[in-house]
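Treat the numbers as computed from the prediction; the structure is a model and nothing was measured.
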Amino acid sequence: MATPTSLAALSGREKAAIVFLCLGQSKGSKLMQMLDEAEIQQISLSMAALGPVSPDLAEEVLGEFVGGMAEGGGLFGSQSAAERMLAGFLPEDKVSDIMRDIRAPLTGRNVWDNFNSLNEAVIANFLKGEHDQTAAAILSKVKADVAAKVLPLLGPERMAEVAGRMLDIDTLPRHVLEDLESVLEKDFLASATHRTGPDPQQRMADLFNKMDSTVFEELSQHLEKRAPESFVAIKQKMFTFDDLARLDQNSLARVMRAAEGNALPLALRGAKKEVRDVFLGALPARSREMLLDEMNTMGAVRAKEVQAAQVTLVDAALELARQEVITLPSAEDDMLVD
């Protein structure tokens, strides 16, 4: 438990936590009701980790907020103090949810949330100084779309090596998670064994789905040699933009209607001719003409914009499938039986 010693050393959240402790449970609870849930959780985390606060420091904090304090009293921020404050205005189940996050430095969730928010170039530069296995473990924990952007920045050879190691990762034991979070310079470490996902092959399929097609084709050559059986299984779980052409016309039309803004014409500008023809064939004549006109007037488009638009349509199809509005084709649908 950290012990703050000076006003300058305190973050804004820690100062807010001290103010709430000074107000006490009754008044503090009323003030907290004016915050949204994310702000409540942030202040509660700071309150729980605050530790003892000297009277002089409490006075300085309040002085900054309300112009001074005649006499400061000793405060002690703790998990129980945060829980009592929350109980004053939140239902029991909400308090339990917030306190579970606070008590679990538990899960390392904030470590990975913060890491996911970094620019991919920053992450790639960081990983370039780490061992291949460390890089693989870290990328197995981050979001699939983040990992898909970071891997190509490692260079062709290292990308293949790291991705190959990711194929072999299923469960990360406690000591590995602790080492990773120590490397990421966080205060709290994981306390139990965690899986990096419910299905490691599906996790890799999701990652490859969001990767640039040219990069994926290059990476495929390496992975087919390194782990042929695993890679075949992963490819069977992938669903790419080209796979949308295998939908029946009604389902494909539903996906196109779900596309927002200029995602559809942008995605088709960079599509293969045979795939584009299938999309256009699923539209009524007037809608088809309007779409072609929009595509023709767009001018040159960036490859990254096309890729993002295609991912948007794939995500729309996956969401419609989850809602059981459409049925996605499987790899077995194209198999021939003698």
Side-chain angles (χ1 to χ4, degrees), residues 112-113 116-117 120 139-152 163 166-167 169-170 195-217 219-220 223 230-272 274-283 287 291 301-335:
W112 302 109
D113 283 349
N116 279 316
S117 68
E120 58 267 22
L139 290 180
S140 294
K141 288 288 294 178
V142 304
K143 294 178 180 177
D145 56 343
V146 175
K149 294 176 183 177
V150 172
L151 271 174
M166 291 173 70
L167 294 176
I169 294 177
D170 185 5
R195 291 182 63 84
T196 58
D199 182 346
Q201 289 185 347
Q202 186 61 57
R203 181 187 68 242
M204 295 300 295
D206 292 341
L207 186 158
F208 292 150
N209 274 339
K210 296 179 181 295
M211 185 175 284
D212 179 83
S213 57
T214 303
V215 175
F216 175 68
E217 289 176 7
L219 179 59
S220 296
L223 297 182
S230 296
F231 191 56
V232 167
I234 289 170
K235 286 200 294 184
Q236 290 176 345
K237 297 186 178 187
M238 291 178 63
F239 189 80
T240 66
F241 179 76
D242 289 353
D243 289 326
L244 291 174
R246 297 165 55 212
L247 291 169
D248 63 82
Q249 288 200 335
N250 288 335
S251 297
L252 184 54
R254 290 295 298 267
V255 173
M256 286 190 281
R257 288 199 297 272
E260 297 180 356
N262 65 347
L264 180 57
L266 191 57
L268 292 181
R269 277 296 301 269
K272 299 173 184 175
E274 57 270 25
V275 173
R276 188 187 309 124
D277 289 345
V278 173
F279 272 80
L280 295 173
L283 293 172
S287 297
L291 178 58
V301 295
R302 295 179 181 275
K304 286 186 176 181
E305 294 175 345
V306 170
Q307 173 70 14
Q310 292 181 350
V311 168
T312 296
L313 264 72
V314 171
D315 288 344
L318 294 173
E319 180 58 30
L320 289 171
R322 279 191 287 269
Q323 297 173 7
E324 299 185 351
V325 175
I326 65 173
T327 301
L328 299 180
S330 64
E332 290 77 10
D333 292 341
D334 293 335
M335 293 179 61

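The salt bridge (Lys or Arg N to Asp or Glu O under 4.0 Å) search around E319 returns R322, not counting sequence neighbours. With sequence neighbours excluded, the residues forming a side-chain hydrogen bond (donor to acceptor under 3.5 Å, both in side chains) with D243 are T240, R246, listed by chain and number. Scanning for side chain to side chain contact (heavy atoms under 4.5 Å, CB included) contacts around V311 gives K210, Q307, D315, with sequence neighbours left out. Partners of K149 according to the side chain to side chain contact (heavy atoms under 4.5 Å, CB included) rule, which considers only residues two or more places apart in sequence or in another chain, are E120. With sequence neighbours left out, the side chain to side chain contact (heavy atoms under 4.5 Å, CB included) criterion links A245 to V275, V278.
P152 and A148 make their closest contact through CD-O, 3.1 Å (heavy atoms, listed as atom of the first residue, atom of the second, distance). In this structure, F239 and L244 approach most closely via the heavy-atom pair CE2-CD2, 3.5 Å. Heavy-atom minimum distance, V306 versus A267: CG1-O, 4.1 Å. In plain terms, the two heavy atoms of A253 and A282 that are nearest each other are CB-O, 4.2 Å. The shortest heavy-atom contact between R269 and R276 is O-NH2, 4.0 Å. Of all the heavy atoms in T327 and L247, the pair that sits closest is O-CD2, 3.7 Å.
Put simply, CG on L139 and CD1 on I169 are 9.0 Å apart, with the number rounded to the nearest 0.5 Å. With rounding to the nearest 0.5 angstrom, the CZ atom of F208 is 5.0 Å from the CG atom of L219. Of the inter-residue distances, the one linking L264 atom CG with F279 atom CZ reads 7.0 Å to the nearest 0.5 angstrom. Rounding to the nearest 0.5 angstrom, the gap separating the CG atom in L283 from the CG atom in L291 is 6.0 Å.
By the 4.5 Å heavy-atom criterion applied to side chains, L151 and L207 are counted as neighbours. Side-chain contact between L167 and I234 is present, with at least one heavy-atom pair separated by less than 4.5 Å.
Residue pairs meeting the side chain to side chain donor-acceptor pair (under 3.5 Å) criterion with at least one partner in residues 249-267, sequence neighbours excluded, are D248-S251.
Taking a 6.0 Å sphere around CD of Q323, one finds it holds more than 12 heavy atoms contributed by other residues, nucleotides or ligands.
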